[in-house]
Structures are given as structure tokens and as C-alpha cells.
**Q** 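One structure, pasted below without further comment.
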Amino acid sequence: MANLDTEYPRPQFRRDKWINLNGTWDFAFDDEEVGLTEKWYQSFPEQTEIKVPFAYQTENSGIGDTTFHDVVWYHKQFSVPEEWNDKEILLNFGAVDYRAWVYVNGELVRFHEGGNTPFTVAITSVLKDAANSIVVRVEDPSEDVTIPRGKQYWHEKSESIFYTRTTGIWQTVWLEAVEAKRIDFIRWTPQIDRGDIDLEAEFKGKLTEGMALKVVISFKGQEVAAETVQLYDAYVKRSINLRNRYTDRSNIHGDGWYWSPECPNLFDVKLELIEDEKNLDTVHSYFGMRKVSIENGRFKLNNKDYYQKLVLDQGYFPGGLLTANSDDDLKKDIELSKAMGFNGARKHQKIEDPRYLYWADTLGFLVWGEMANCSEYSEAAARRMSAEWIEAVNRDYNHPSIVAWVPLNESWGISRVAHEKQQQDHSLAMYYLTKSIDTTRPVLSNEGWEHTISDICGIHNYRTPEEMQEMYKTVETAIESTPANRPIYAHGFSHRGEPIMITEYGGIAYKADQSAGWGYSAVTSSEDLLTAYANNTNALLRSSVIQGFCYTQLTDVEQEINGLLTYNREPKCDLNEIRKINEG
């Protein structure tokens, strides 16, 4: 089984020289907040141990304490291989929830706010020849509803649609060795109409005459393009034409070398930073040639109408909460979804681990990237949302599987958006902010209802199949309906011809194991679950107005038992029958 300790955690930007720091760390609660006064970053107290990257609330962490502890500390000793002695050493965190102060050998080297996004710090200047220590202090205000927390509940006991909290390190921690002059950032933008891939790259360190970036692109093992770019600036942009470069036609099917769920073609890339013929840095990456567009009110993938059949996926795992038990578990969720005939997932209220997106890219699976929202609005909440969302979009921009962005959901954090201008402005700001850093994907301003300006009209509807069939006879009846007793558009805004999709429906509870819980409706057998799923889904498939759906949901999560799978990923019914229904 592939685990999170062996798989490189940043699949779109891979280096060979790295050390995984997951595993056993020293750990301490700081309920009295004495750690700073007592300088725990210099002399760590003997308390307990934790298994990183699992939060202390999880069973997998070895602690499993779900009570409030708003300040926690981590400590780990590490050594640097001798062959790294002449290198710059980077310390990387996949995600730490919510605020993190990082100390190395007693010195503060980095502060980061935002529980869902990665950060990196160069630590070479503070390293010692012998053993080194990392100390991380974390603040995660359990009851602050103005921080982006997604489905993490602000009460100790989970209930309703909210689940157990995740505090501290919950994604991989790793070291890597680099040169002072190195590749710092890459960005892929496919242009299928031209047959080009646009590459943007940024570099660290002082450029000198004779420095160049060498790019080699391969498709299914065959080199299709190579280019060496002389560097005159710390930023470079190039378009590389790929049309008709691949000569082995036996492996090309469907839409040729385009990426899609049906044919998830990927191009592999090797980038080398060269100085006077010396290799300074090597990064491995990949991209998919695919285009997402909306034309004349139709959602298109690679210039063809495409019906999205999505499943709501909260990304929670038994024993690990937001952290998967293994890399295989991330892959398995996609394989099970595809087995049921879904071509994508809406990742709900979670910035998912990049390893999940790697498998979505590789297996062919659409993903809607969604921000973990605040629960209440404030000016501080707006700042926090904006800053972290920029980091999330930049982190995941290169993944071809992501075909839509959802910065806000169901008026979370903007509960008065229907009529209040300030919250409408925040919705608009998040929409235009996303468009300003990614022009290639549609953006939903407020998924579910009370949209301001949006590229897709996403509607949440848990009404009966008969009611839905009536609601979606025409565009007018769809827009005028209020399935959650809320208007589809906020006051002053209206439908502008964008595609209409039902992006939450179903939620049918079926208790298939010992788990107790709830759903939006309920059945008592596998056969009844299939019948209810068919009735709900067919009501949407029969509509000429609806261009896609997202069923609630893939798995049970804690007290919610409305998954097609149990929390342990056991099918509640015949998955082939779900596939037949989805195939219409």
C-alpha cells in the first residue's frame, strides 16, 4: 500500500532530493498558554507523542482527544545528510491548521496563517552540524467562526452537517535540498485551439549570464518537444507547440491527445536550470491539454458540450478526519466514484491534498475546487478568505482535473448576502479575485443559492423527484424556484444565461452498518436506495434545462449517513446499478 510517507507530496513540482518528516513527533497541549513564556521552542517539555500528519483529534494520531485545545506544540529532531552540506535546505509544510510559528534550533523562521494551504521556509542559515530540532507552535481558535474552517464544528461534539475539528499539522512535512539558484514556480496553461502549452516560470537567486531553462516534454514515453530558453529575468513565459508532434497513434483514442475523464492523457515534463552547462536544479512536472469554456450558455470540455455527473465528496476519513490513511485511499475514492458512473466530484468545503488531485489527473476525474468557508462575516474574515484562497488557486492551477472554482458556498460567511451590499460586494470580490488569477475556469460566486455574478448557476435542491421535475421544465421555472426557501439570485442580480446545474440533491440516508445518523430523506434497504437514487437522478436527466448534477454524497461522514458508501467505503448497494442510472 502506498502511504503518505513515501509518495512525494507535491506531484506537480517534484524534486529527487527530499526527506519525509512524517511519523513520531513530540507533542504538547498548551491550554494555559505558557509555552512562549517558558520558551518551549528552546526546551521542549516532556508530555506525549503524536503521529504526523494526523491531527490530535484523530485516532490515527495516537491521541484521539476531541476536546478543545486551542494552542498545541510539536517537536522533532532531524539531521541533514552529508551530501546535502553544500545545498540550500527547504522545510515544507503541506498544511497546518490554523496559525503556525515554526522554530528551527530555537530561532523563529516562519509564521503562516491559513489552515488549508502549504508554506515553505529556507532553514540553511540556522542549521547545525549535529542534530537539529523543529518546533511548531499552532493556534487554532476552536470557537472563532470568522476563520475559514469548512465543516469543522465550533462545538466539541459534532452534529448536523458539521464534524470533528482538525488542529495542527494535517498534511505531509518534508525537507528538500536545492541550490541557491533554483526554479521557484511553474504554471501550465493549455491552449488547445492553437495546439500550444504556455509555460510560465519564476526563479530564485541572482541570475548570471549563461543561465538557461531546458524544457523536455514527453507523451506516453515519446519526446515530443524540447526547448532551451536563455534567462534574462527571474520570470520567463514561452508557448510550445505540440500539435502533430506525437507519431505513435496506437495509444491515442477518443479526443486524441486531449485530457478528459474518458481519455486522461498527460504530458510529462522535465525542467532543468542550467548555468554554464552545470545543472543547478531539476523539477519534474506534467500537464493535460484540455479546455474548459462556457459558450452560448453551454458548459464545454475541449469545445464539446459536456454533461457533468458529479458526486459530493467531503474528503473525510475514519481514523484520520481530513487526512487520508494512505495515498491508496485517495485513489480508491476516485476509483469507486468512477465505478458508479460519476465523471467528477465537488470537493466540499475542503482544499484537498494535492495527492488526490494527482490521482484525479491520472485516472480522469473532474474536480470542483472549493474553499473551506467561514461561518460568519467580518472584515477580518474577508481578509482571511481572500489571502488563503489566492494561495489555494495558485497551488492547484496546474491540475487539469480542476474545471471550476467555488470560493463561497450556500451563503456561508455571508448570511445576509441576499440584501446586504457589503456581503454582496464580498461575493463579487471573491468572484473577480478568482477570475483575476485564473482566466481559464468558470467561477461560482455563491454555490447553491443567492448568487451575485456567477459563471454557472449551481442550485441545491433536496425536494422530491416530482417537485424537481416541475421546477426544471424551463429556465424561468428553475430560476424562480426557491428549493431551500431562498432565492437563486441575490437582490439586484439575475440569471445572465449561464448553465444551470443541480449541485446538491439526494442526500438519502440508509443505515447499512452500525452507524446511526441522519439524511435529507431515508430508506431502509439497498433496493429502496437504488429506487430513490433512480427517481431523483432521472428527474434531472429528463430536464432539458439542467446541464449537470452533483449527488449528495459519496460516503457517510460521522453522523451523516446519506452516502452511497459507508464511512469505511463499503458499498450500500450495487454500484453497477448506480452506473446504469447515471448513464441514463
Side-chain angles (χ1 to χ4, degrees), residues 8-19 80-81 83-93 102 104 109-112 117-127 174-191 194 196-218 223-242 267-287 354 390-391 393-399 436-440:
Y8 191 85
R10 191 178 53 204
Q12 270 283 356
F13 194 96
R14 307 187 311 276
R15 290 193 173 102
D16 295 330
K17 295 178 180 179
W18 71 289
I19 296 174
V80 176
E83 60 267 27
W84 288 14
N85 285 348
D86 61 341
K87 305 293 184 183
E88 183 92 19
I89 309 302
L90 303 181
L91 173 60
N92 302 282
F93 292 84
V102 180
V104 175
V109 294
R110 181 66 197 265
F111 167 75
H112 181 263
T117 50
F119 59 96
T120 297
V121 56
I123 61 172
T124 316
S125 63
V126 297
L127 292 178
W174 77 102
L175 295 171
E176 60 186 340
V178 297
E179 299 288 344
K181 300 175 182 179
R182 59 186 181 272
I183 303 167
D184 193 50
F185 173 82
I186 55 174
R187 180 174 166 114
W188 302 109
T189 304
Q191 305 286 355
R194 302 197 314 255
D196 291 350
I197 182 69
D198 289 348
L199 165 64
E200 296 172 81
E202 297 178 8
F203 308 92
K204 279 279 189 183
K206 184 178 180 181
L207 296 182
T208 59
E209 188 176 348
M211 290 184 68
L213 178 68
K214 182 179 180 181
V215 183
V216 178
I217 301 174
S218 302
E223 183 178 312
V224 294
E227 184 169 326
T228 301
V229 183
Q230 294 299 124
L231 299 182
Y232 300 98
D233 199 348
Y235 168 83
V236 65
K237 182 176 181 179
R238 284 292 185 277
S239 291
I240 302 172
N241 189 265
L242 301 172
F267 289 77
D268 296 307
V269 190
K270 181 180 180 181
L271 302 101
E272 296 178 278
L273 182 61
I274 308 294
E275 182 179 40
D276 298 327
E277 300 185 358
K278 176 186 176 183
N279 182 302
L280 297 179
D281 192 15
T282 300
V283 168
H284 301 276
S285 186
Y286 66 88
F287 60 84
I390 290 172
E391 293 180 347
V393 173
N394 283 332
R395 190 200 76 171
D396 294 340
Y397 178 92
N398 289 336
H399 290 283
S436 73
I437 54 179
D438 184 357
T439 63
T440 70

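Please read these numbers as outputs of a predicted model, since none were measured by experiment.
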**Q** Considering residues at least two apart in sequence or located in another chain, which fulfil the ring pair (Phe, Tyr, Trp, His ring centres under 6.0 Å) criterion with H399?
**A** none
**Q** I'd like to check the side-chain contact (heavy atoms from CB on, under 4.5 Å) partners of D268; sequence neighbours left out, ordered by chain and number.
**A** Y286
**Q** Distance-only, no hydrogens or angles: does the T124 side chain make a donor-acceptor pair with backbone N or O of I89 under 3.5 Å?
**A** yes
**Q** For residues 84-93, pull every pair meeting salt bridge (Lys or Arg N to Asp or Glu O under 4.0 Å), keeping only residues two or more places apart or in separate chains.
**A** K87-E179
**Q** Run the side-chain contact (heavy atoms from CB on, under 4.5 Å) test against N85 and tell me which residues pass, sequence neighbours left out.
**A** E82
**Q** For residues A225 and I240, report the shortest heavy-atom separation together with the two atoms involved.
**A** CB-CG2, 3.8 Å
**Q** Look at the side chain of N279 and the backbone N and O of E272, then say whether any donor-acceptor pair between them is shorter than 3.5 Å.
**A** no
**Q** Can you name the ring pair (Phe, Tyr, Trp, His ring centres under 6.0 Å) partners of F13, sequence neighbours left out?
**A** none
**Q** Restricting to ring pair (Phe, Tyr, Trp, His ring centres under 6.0 Å), what partner residues turn up for W188, sequence neighbours left out?
**A** F287
**Q** Between D281 and R15, does any NZ, NE, NH1 or NH2 come within less than 4.0 Å of an OD or OE carboxylate oxygen?
**A** yes
**Q** Can you sort out the partners of E275 under side-chain contact (heavy atoms from CB on, under 4.5 Å), two or more places apart, ordered by chain and number?
**A** K181, T208, M211, L280
**Q** Show me the pairs that pass side chain to side chain donor-acceptor pair (under 3.5 Å) and involve residues 227-238, at least two apart or across chains.
**A** E200-Y235
**Q** In chain order, what residues pass the side chain to side chain donor-acceptor pair (under 3.5 Å) check against R10, with sequence neighbours excluded?
**A** Y8, E176
**Q** Can you name the salt bridge (Lys or Arg N to Asp or Glu O under 4.0 Å) partners of D196, sequence neighbours left out?
**A** R194
**Q** Listed by chain and number, what are the side-chain contact (heavy atoms from CB on, under 4.5 Å) partners of D184, not counting sequence neighbours?
**A** K204
**Q** Of all heavy-atom pairs between P354 and P9, which one has the smallest distance, and what is that distance?
**A** CB-O, 3.8 Å
